[in-house]
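For this chain, numbers begin at 1 and follow the sequence in order.
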Amino acid sequence: MKELKNISRTRSQESSAAIERIYITMRHLFNRGFYKPMGVSGETLREALLQLRPEIYGSIADEKVELNGLLYVIERLPIGIEECRFINLTSDEGYSESHFKAIVPPKRRRNCYRIDDEQMNIEITRGRSDIYDVLTHLTFIFIESHKIKNRIFIEDEEKFSRDWQKLEQAVLKEDMLEQNEKEVAISHVSNILGRTFSEINSIYDQFAVLENPDRFLHIIYWLGKLAIDEVVYNNKRTITFSPILRERLGHHIYGEIWADNIKNALKELNLLQRPIHIISANMHSVMNSIFAVPVLKSRLKDKIDIEIYEELSKSENDVLRKVVKERADREGMLFLPDTSGTNIDVQLFDTAKIDPETSTLVHALKGKSDDEKPVIIVMDYAFGEQAYETIDELLKPFKKDVYLNVESVSIMGKAGILVGDKGDIMIPFAHINEGTGDNYPFENELKPEMFEGHGIPVCGGTMITVLGTSLQNKDLLKFFHDSTWRVIGLEMEGAHYQKAIQSASKIRKSINPDVKVRYAYYASDNPLETGSTLASGGLGSTGVKPTYLITIKILEQIFNTL
């Protein structure tokens, strides 16, 4: 008789299955229209997240409350979200024209509106990835809230612990806490959270806002209070999706408006027939790479180029940034602030108006006719699946019959790295879509060897486009890195960009079939290393050098390959 093998799943397989369940569950809940995250309807999502145990959420599966993960999530959700029992995800439905004041999270560009004491509306205009991001973050803080409840509510006696009563007194105190009162409150909170006094004290001020320096205590109190209300009084927190959002999602409504605004601006400037190069980047690196050095060299005489860029990145140097922008405005740059709801601003650069004598980057344009000189469209970063919506619409013909002369599309940005450290550069030759196995190989005009000799480690390989950076764990990432996929990093937009570019160039023929593509990323974190995840903090000045090195390599190719 043939012996049956003991078939068991590895942690990476379990993690992959958990991500798939999260994805399917969130789509189902969206179609349903509402659910209660800590009720039966939210159980599958909670269980999948606990099984996955993403690195960004740290000790989500432990009894103690996760502090770094909580900070990461709170920075991406609107102020006051912890107090709200009803959270309504909406489309852009006119709240900006009302008396409601928009609340924008510091680390996510989305408009939120506090409707009343119990309700927060969150506008979703950036596609499904925005919904995945919000729902996973909310699930995390609700799970953490029930950890707080378990440590403060004595069920047998139906009363609350002394630590909770002291925290409540501190939070409800009208005046600002004195230092000794703050430390007493932290002492009680440390018992509630299962964390040491020093752990809480070290992260306390990172939660603070100008109007509420003791916000950390308020967040813990309200998370615990609403969790108690759910269990004791059956007042379940509820997430709803507005009918308009459910109707609009997936129809490229915002992306179409956004793309039409750009094409109309090109038409008004008589630029529609010119060679066009699209760059997905931030709103400063292309402008600074072209104009900063010639404009500021006399002011910053002792500094080399990269040091000038570092000076521009410092928050106190508004005057320098203004001088560079004024030159850019005079020499062909037009800023198009977003009015579509995509939250993607745009810059148009008419290089025919740039003085080739002042900028070495554009010196190759000397002698070219204005009709030959490129137009550069710089679009701010898209978010996840929004990348497909925006590029797909931008590459379509204007008014259905005017085809854009798109010569290249370049994508640069931050990504997680699996083979190096923060600040390293990754050059992909293919994107894999996590969960589906869809893969997009391409000929990248940027090569790893182009970046050697600049003091920054660089690697080439495959990148994985993930459902959400907050959903990754070490086991799954290690599998992608160690297996024949040979993945070097992870990000959220690459496969979506390439899907749109391929369909426009190879199938629809709305742009040149031989359009050049460039992808380059610099590492914002290494999720395989403890203490180097996104929750451990930003890049600071570490990101300046790779940002400008990538930008300049893209611009050199655009200007030298005409």
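- Without hydrogens or angle criteria, Asp525 side chain to Ile417 main chain gives no donor-acceptor distance under 3.5 Å.
- Atom-to-atom distance recorded for Glu55:CD and Asn68:CG is 12.5 Å, nearest 0.5 angstrom.
- In this structure, the side chain of Ser202 engages the main chain of Glu199 through a donor-acceptor pair within 3.5 Å.
- With respect to the salt-bridge test (charged N to carboxylate O, under 4.0 angstrom), the residues Arg53 and Asp475 do not qualify.
- Taking OH from Tyr57 and CG from Leu49, the interatomic distance works out to 6.0 Å, rounded to the nearest 0.5 Å.
- With sequence neighbours excluded, the residues that form a side-chain contact (heavy atoms from CB on, under 4.5 Å) with Ala328 are Met287, Phe291, Met333.
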After noting the C-alpha distance and the side-chain angles of Arg109 and Asp130, does the key distance pass the salt bridge (charged side-chain N to carboxylate O under 4.0 Å, His left out) rule? CA-CA 10 Å; Arg109 288 174 295 179; Asp130 222 6; over 6 Å; no
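- To the nearest 0.5 angstrom, Ile203 atom CD1 is 11.0 Å from Asn201 atom CG.
- The closest donor-acceptor contact from the side chain of Asp62 to the backbone of Lys64 lies at 3.5 Å or more, if one exists at all.
- Remark: the backbone N or O of Gln13 is not paired with any side-chain donor or acceptor of Ser16 at under 3.5 angstrom.
- Every residue was checked against the salt bridge (charged side-chain N to carboxylate O under 4.0 Å, His left out) condition with Glu316, not counting sequence neighbours, and none meets it.
- The backbone N or O of Ile192 sits nowhere less than 3.5 Å from a side-chain atom of Lys147 that would complete a donor-acceptor pair.
- Counting non-hydrogen atoms of other residues, nucleotides and ligands closer than 6.0 Å to CD of Glu14 gives a total above 12.
- In this model, no donor atom of one side chain and acceptor atom of the other lie less than 3.5 Å apart for Thr465 and His431.
- Side-chain atoms of Glu385 and Ser129 include no donor-acceptor pair closer than 3.5 Å.
- Ser285 and Asn288 share no side-chain donor-acceptor pair at under 3.5 Å.
- A donor-acceptor contact closer than 3.5 angstrom links the side chains of Gln51 and Arg21.
- Residues Tyr254 and Arg126 have side chains that never bring a donor and an acceptor to within less than 3.5 angstrom of each other.
- For Asp133 and Arg110, the salt-bridge test passes: some basic side-chain N is under 4.0 Å from an acidic carboxylate O.
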Verify side chain to side chain donor-acceptor pair (under 3.5 Å) between Arg27 and Tyr23, making sure each step is shown before the conclusion. CA-CA 6 Å; Arg27 294 289 289 263; Tyr23 177 71; 2.8 Å; yes
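- With a 6.0 Å radius and a threshold of 12 heavy atoms from other residues, nucleotides or ligands, Lys509 has its NZ atom above the threshold.
- At a threshold of 4.0 Å, the pair Lys303-Glu307 does not count as salt-bridged, since none of the basic side-chain nitrogens sits closer than that to a carboxylate oxygen.
- Arg11 contributes atom CZ, which lies 7.0 Å from atom CG of Leu52 (distance to the nearest 0.5 angstrom).
- Ser59 and Arg195 form a side-chain donor-acceptor contact under 3.5 Å, judged by distance and modelled atom types alone.
- The aromatic rings of Tyr548 and Tyr309 sit parallel to each other, their planes meeting at less than 30°, with 60° as the upper class boundary.
- Using a 30° and 60° split on the angle between ring planes, His252 and Tyr388 fall in the perpendicular class, above 60°.
- Side-chain contact between Phe451 and Ile550: present, with at least one pair of heavy atoms (C-beta onward) separated by less than 4.5 Å.
- For Ser91 and Arg246, the side-chain atoms include no donor-acceptor pair closer than 3.5 Å.
- Rounded to the nearest 0.5 angstrom, Gln557 CD and Phe559 CZ are separated by 12.5 Å.
- Panel note: side chain Glu491, backbone Ala415; no donor-acceptor pair is recorded below 3.5 Å.
- With hydrogens and angles disregarded, a donor-acceptor distance shorter than 3.5 Å links the side chain of Trp258 to the backbone of Ile344.
- At distances below 3.5 Å, not a single donor-acceptor pair connects side-chain atoms of Asp424 with backbone N or O atoms of Ala523.
- The heavy-atom pair separating Phe140 from Val73 by the smallest distance is CD2-CG2, 3.6 Å.
- Side-chain atoms of Glu82 never come within 3.5 Å of backbone atoms of Leu223 as a donor-acceptor pair (strictly under, hydrogens ignored).
- Tyr72 carries Arg76 over the face of its six-membered ring, with the cationic atom under 6.0 Å from the centre and within 45° of the normal.
- With rounding to the nearest 0.5 Å, the separation of CD in Glu493 from OH in Tyr381 is 10.0 Å.
- Seen from the ring of Phe142, Arg237 counts as a face-on cation partner, given the 6.0 Å and 45° thresholds.
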